[in-house]
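Before any comments, here is the structure.
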There are 4 protein chains.
Amino acid sequence: MTGPQPKKTRAPRRRNAEASRSSILQAALVEFSTQGYDGARVDNVAARAGVSKPLIYDYFGDKEALYAAALLEAYVQIRGGEKKLNLEGLDPAEAIRKLVTFTLEHFRRNPWFISILNTENLRGGATIREMHGAAGVQSDLVKKIRRILEEGERQGKFRPGVDPVDLYFFIASLCYFPLSNIHTLRSVFQRPLDDAWLDSHAVEAGTMIVRYLEA
Amino acid sequence: MTGPQPKKTRAPRRRNAEASRSSILQAALVEFSTQGYDGARVDNVAARAGVSKPLIYDYFGDKEALYAAALLEAYVQIRGGEKKLNLEGLDPAEAIRKLVTFTLEHFRRNPWFISILNTENLRGGATIREMHGAAGVQSDLVKKIRRILEEGERQGKFRPGVDPVDLYFFIASLCYFPLSNIHTLRSVFQRPLDDAWLDSHAVEAGTMIVRYLEA
Amino acid sequence: MTGPQPKKTRAPRRRNAEASRSSILQAALVEFSTQGYDGARVDNVAARAGVSKPLIYDYFGDKEALYAAALLEAYVQIRGGEKKLNLEGLDPAEAIRKLVTFTLEHFRRNPWFISILNTENLRGGATIREMHGAAGVQSDLVKKIRRILEEGERQGKFRPGVDPVDLYFFIASLCYFPLSNIHTLRSVFQRPLDDAWLDSHAVEAGTMIVRYLEA
Amino acid sequence: MTGPQPKKTRAPRRRNAEASRSSILQAALVEFSTQGYDGARVDNVAARAGVSKPLIYDYFGDKEALYAAALLEAYVQIRGGEKKLNLEGLDPAEAIRKLVTFTLEHFRRNPWFISILNTENLRGGATIREMHGAAGVQSDLVKKIRRILEEGERQGKFRPGVDPVDLYFFIASLCYFPLSNIHTLRSVFQRPLDDAWLDSHAVEAGTMIVRYLEA
DNA sequence: AATGAATGAGGGTTCATTCAT
DNA sequence: TATGAATGAACCCTCATTCAT
């Protein structure tokens, strides 16, 4: 294209199993979350990862196993982000608000997470049910919530008896839905659902959760 | 209908035509929501509808168009159910609680609705964006909510300034998420998420919404 | 090639399920016996049968089932040939000699029969073991042999106690081996194993069998 | 062998080299005879031989060459067994009977021999035809037979004019067929074809051959 | 001498779609 | 109106073979 070349410069074969593995994994995560399980193409994963198809089969076995690995990777990556969230020493209501904002922001920045969860639920959870170690993958977040609830209760600001997991479900619900369903909502309700809307939605959601918790 | 008709009418005309069409539609709705777009098989639709494949192509054109029709049908059916919801004359808070309970129940009873919405959002809303008449398909519900909010405000029980669409998003979020994500939540958090849990979840969600609205 | 053609004249789609089925079967028989099971290509079967690959899958299911059908067809065809063999009213020794000559000739004329049997035995008989109705496929021949043996015995020419199946094994052995192993024998023993040799071999084999039977 | 050698020797030189080579060869023999040429997997050969795949390519070149080496090895091994057969000083008829029994036993004990011959004949003898030294590989056995025939003739027990190679073909036929075709015969004729049957079959085959030879 | 890493080429199978009646 | 018969185009996966150390 840019001039005659005596030899086609092929990209040099990478000789690094670990690097290959992880680039395949990332490519798979993208492919499965943008295309769904059945829509995903192993060819696309290979191309995106810059490896040949057989290598994928060598490392992961088959499409199903590759998908399972990508799904686990999605959880691992999202958990990694959540670990960076620091809620220590904040006023409980503030901590809750920050948690809500963070959650929505986190989902927004990692859209493949929502997509691959939708994909997995569309599949009836067939894969995650068989996945060793799926449980507990989010325990850190629950611990953080529990601590906030206890602190709020201790300060007499929050009412007792709220289960941290249930509360997490509420928070996640409010952050997940408008992102997960952004396209249908836009069409049906003709709202922009742009960044500004989402920001204010996060604030309102924070308010809602805090009011629900208040003694 | 039963006599010969002058050419040019392309749409099927037999008495059974309408029945065939609607059984195809129902079968497509089931197939697409249980299998996703790429996982859906036109063969399965034909088998479930009890017709031949060419008939489907005759009526709908191609898989994409069939899917679009199924998606619209999903909205039509769900809207039909919502019309039966009567919130007139109730105390505003009660009306809200009833609306929340109804919404969750409605989603629970029509699981293909959530599934096909997830499918469509996974596809980036490509289909619904092109669909004429998608907008306003849920205007009834929004009107009902608006009326409740106004009544609550009039009675001094609800604070003003709450947008009915935004409120619907909140309600839908709380009802949608635990159903949409039931499989992954079960695996990760090891909660049963059974009917009893969902019932109590609906009550709590009602409380949360009402508190959020209270003046 | 031969001139410009306004439209590629495609071979017209045959609209005859039974004809398609049987041409696939014949093509499969040829392919499997010349290439072995693993060497056989469904593509080749399709090309030879003049149909598309999916049609094969439509009719037979998969390669394994196609192979099973071809194997059964091999037996059916060979049995058809054997039915035409008339040994009635001959002198017992003559009948035996004729049977031997016929058997070798029959194998020689239907080389795919030996080849597909070799293929199946190489596979450990996995397919034929599961085949319904494989037994008895050759009962006609055994009956004929039994009758000859009884007649020979009655005439005091043959000794009693010879099992017709065992005798068939001997006859088949002598006819099968030099054809089945023709290539290795030619190379190792450097004999031509041409038609003349085979003809005289058949005569000698007949002699051997008759001597074995004589009282 | 043990000292350094000036370049150009392409064959591996380490002490283990010969061991690797022969374990590959044995593994290949097993793989090719149990799976056929196209069914054989170089991976399996490597695994069974306990070496890496590139080593096989280093030693043998490609799959075809490996197969040729395995085929030759099959003959070499079987010839080695036949050398141990001692027929000296026996009564000619007894020698023949012993030879028949031995042949069947030899085939039975080395089933890969029959299998790889079948494989090669299925392939049309493409490999053995190109193989140098295939001829004469069985000359020892022929010599033994010739000596028996001469002795029998000398004693007036056997008729003259029997070709030792032709006789070998008869003997081999009777021993080869029921083993080579054991699976299809079992299914079609529903005989056990167990060890007892084979033993008595060998005896009967001996009788048949002896009668054929008798003056 | 030996091998872990990697791939081009192709095979079996599926599926949306059309043909011809 | 309705469908049995048929296929082009992919897709998942495998395998003989090579690269680079």
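So that the names make sense, note that chain A is the first sequence line, chain B the second, and so on, each numbered from 1. Quick caveat: nothing in here was measured; it's all calculated off a predicted structure.
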D:Ile56 CD1 to E:dG4 P, straight-line distance once rounded to whole Å: 13 Å
Strand DNA chain E as a dot-bracket string - pairs counted if Watson-Crick or G-U with both distances under 3.5 Å, | where the partner lies in another strand: .||||||||||||||||||||
Separation of atom CD in B:Glu64 from atom P in E:dA16, rounded to whole Å: 13 Å
Salt bridge (Lys or Arg N to Asp or Glu O under 4.0 Å) against D:Arg129, all qualifying residues, sequence neighbours excluded: none
Protein-nucleotide distance (B:Leu55, atom CG; E:dT21, atom P), rounded to Å: 20 Å
Which residues share a side chain to side chain contact (heavy atoms under 4.5 Å, CB included) with C:Glu130, sequence neighbours left out: none
Partners meeting side chain to side chain contact (heavy atoms under 4.5 Å, CB included) with D:Ser115 (sequence neighbours left out): C:Leu122, D:Ser33
Any residue of residues 30-44 of chain D with a heavy atom less than 4.0 Å from an atom of DNA chain F: D:Ala40, D:Arg41, D:Val42
Whether C:Gln35 side chain and C:Arg41 backbone form a donor-acceptor pair below 3.5 Å: no
Residues forming a salt bridge (Lys or Arg N to Asp or Glu O under 4.0 Å) with D:Asp43, sequence neighbours excluded: D:Lys53
Nearest-angstrom distance from the residue atom CG of A:Asp58 to C1' of F:dT17: 14 Å
Sugar-phosphate, base or nothing in reach of C:Phe60, heavy atoms under 4.0 Å: nothing
Donor-acceptor under 3.5 Å (D:Glu120 side chain, D:Ile128 main chain): yes
Check ion pair D:Arg123-D:Glu64 (N to O, under 4.0 angstrom): yes
